[in-house]
Amino acid sequence: MDQRGVRTRDQVSKKVCGEPPPEMELEVQWQEHQLGEYPTIVLTWEDAMRGAPWEYIEKCEEVLTEYENR
């Protein structure tokens with residue numbers, strides 16, 4: 001997937017899921033694999049005591065699955 005595809009995927013998740021919860025960010029991170037690298041979209045936050053926003057995460061998972069199955 002090229003950078004354009006990564007940006008599009010990130011934009012789709014923000015557009016459909018909405019902006020991340022306060023003090024959280026969606027970002028693209030590259031993961032290394034034996035066959036090369038691949039992008040992932042991750043939700044990050046700095047407060048380790050803050051719980052994960054599961055409703056938001058589940059909604060994004062559904063959106064990304066739908067996008068991949070096009």
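Bear in mind that the values here come from a model prediction, so they are computed numbers and not experimental data.
By the 4.5 Å heavy-atom criterion applied to side chains, Ile41 and Cys60 are not counted as neighbours. Under the 4.5 Å side-chain criterion, counting only non-hydrogen atoms from C-beta, Trp45 is not in contact with Pro21.
Of all non-hydrogen atoms in Glu37 and Trp30, the two that sit nearest each other are CB-CE3, 3.9 Å. The two atoms that bring Leu26 and Pro20 nearest to each other are N-CG, 3.8 Å, heavy atoms only.
Residues satisfying the side-chain contact (heavy atoms from CB on, under 4.5 Å) criterion with Glu66, sequence neighbours excluded, are absent altogether. Residues passing the side-chain contact (heavy atoms from CB on, under 4.5 Å) test with Asn69 are Thr65, sequence neighbours excluded. Take Glu55 and apply the side chain to side chain donor-acceptor pair (under 3.5 Å) test, not counting sequence neighbours, and it matches no residue. Every residue meeting the side-chain contact (heavy atoms from CB on, under 4.5 Å) condition with Glu19, not counting sequence neighbours, appears here in chain and number order: Lys14. Remark: Gln29 engages Glu27, Gln31, Thr40, Val42, Thr44 in a side-chain contact (heavy atoms from CB on, under 4.5 Å) (not counting sequence neighbours).
Atom CD of Glu23 is separated from atom CZ of Arg50 by 5.5 Å, given to the nearest 0.5 angstrom.
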